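All of these numbers come straight from a predicted model, not from anything done at the bench. Residue numbers start from 1 in every chain, and the chains themselves are labelled A, B, ... in the order their sequence lines are given, proteins ahead of strands.
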Amino acid sequence: MDFDEKVWALCRRIPRGKVTTYKEIALALGTKAYRRVGQALKRNPDAPHAPCHRVVASDGSLGGYCGKMNSWKKIALLRKEGVEVRKGKIEEFEKKTVISFSSSSS
DNA sequence: CGCTTGACACCGT
DNA sequence: AACGGTGCCAAGC
């Protein structure tokens, strides 16, 4: 289980309608390399299996996974999940940011 | 081995 | 509030 794999694993653990920050993920893995998390998702070999779009920046913004592209389709998808996005920012971000989504399931 | 870069984060101005 | 600079950890050149 590499660091990156853990990241994708966490992403898949994120409940629908909720999001998490790179920071929390990194800390959850026991590190301070927020950037490593982002790169891990970027390299994401399991893209369709890892809802990286549920991972946002600490500001509540989409970050860079699509916020700079015209791939706002993902944003629309987030809204369908229950995550309201305003101008590229998460509504009620602080309330949707799930931290200890942990591995209690299964 | 050392410098630079990177889907970030935080403090200071 | 927006912009700039610095810190974090790892990978690439």
Quiz item: Are any non-hydrogen side-chain atoms of A:Y65 and A:K74 less than 4.5 angstrom apart?
Solution: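 Touching, per the 4.5 Å side-chain cut-off.
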
Length of the line joining [X]:[atom1] and [N]:[atom2], which is rounded to integer Å:
{"X": "A:K32", "N": "B:dC10", "atom1": "NZ", "atom2": "P", "result": "14 Å"}
{"X": "A:K42", "N": "B:dT5", "atom1": "NZ", "atom2": "P", "result": "14 Å"}
{"X": "A:L41", "N": "B:dG6", "atom1": "CG", "atom2": "C1'", "result": "13 Å"}
{"X": "A:D4", "N": "B:dA7", "atom1": "CG", "atom2": "P", "result": "14 Å"}
{"X": "A:I99", "N": "B:dA9", "atom1": "CD1", "atom2": "C1'", "result": "14 Å"}
{"X": "A:E24", "N": "B:dA9", "atom1": "CD", "atom2": "P", "result": "10 Å"}
{"X": "A:K89", "N": "C:dA2", "atom1": "NZ", "atom2": "C1'", "result": "11 Å"}
{"X": "A:D59", "N": "B:dC11", "atom1": "CG", "atom2": "P", "result": "12 Å"}

Quiz prompt | Hydrophobic cluster identity match, A:V85 and A:L77, side-chain contacts under 4.5 Å | solution = no

Quiz item: What residue pairs, at least two apart or across chains, pass salt bridge (charged side-chain N to carboxylate O under 4.0 Å, His left out) with a residue in residues 21-36 of chain A?
Solution: A:D4-A:R36

So which protein N/O to nucleotides 11-13 of chain C N/O distances come out below 3.5 Å?
none

Quiz prompt | Nearest heavy-atom neighbours spanning A:F93 and A:T21 | solution = CZ-CG2, 3.6 Å

Quiz item: Closer than 4.0 Å, any side-chain N/O of A:K23 to the OP1 or OP2 of B:dA9?
Solution: no

Quiz item: Under 4.0 Å between a side-chain N/O of A:T21 and OP1 or OP2 of B:dC8, yes or no?
Solution: no

Practice problem: Find the distance between CD1 (A:I25) and CG (A:L10) and round it off to the nearest 0.5 Å. | Solution: 5.5 Å

Each nucleotide N or O in nucleotides 4-7 of chain C that has a protein N or O under 3.5 Å away: list the pair and distance.
unit_1: C:dG7; atom_1: O6; unit_2: A:R35; atom_2: NH1; d: 3.3

Self-check item: Residues clustering with A:Y34 (ILVMFWY side chains joined when closer than 4.5 Å, directly or via others)
Solution: A:L27

Side-chain polar contacts of residues 51-64 of chain A - donor-acceptor pairs under 3.5 angstrom, sequence neighbours left out - could you list them?
unit_1: A:R54; atom_1: NE; unit_2: A:E81; atom_2: OE1; d: 3.2
unit_1: A:R54; atom_1: NH1; unit_2: A:I14; atom_2: O; d: 2.7
unit_1: A:R54; atom_1: NH2; unit_2: A:E81; atom_2: OE1; d: 2.6

Exercise. Kindly write out the residues that satisfy side-chain contact (heavy atoms from CB on, under 4.5 Å) with A:E92, not counting sequence neighbours, or none if the list is empty.
Key: A:K95, A:K96

Quiz item: Ignoring hydrogens and geometry, is there a side-chain-to-backbone donor-acceptor pair from A:R43 to A:Q39 under 3.5 Å?
Solution: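 Here the side-chain-to-backbone pair does not exist.
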
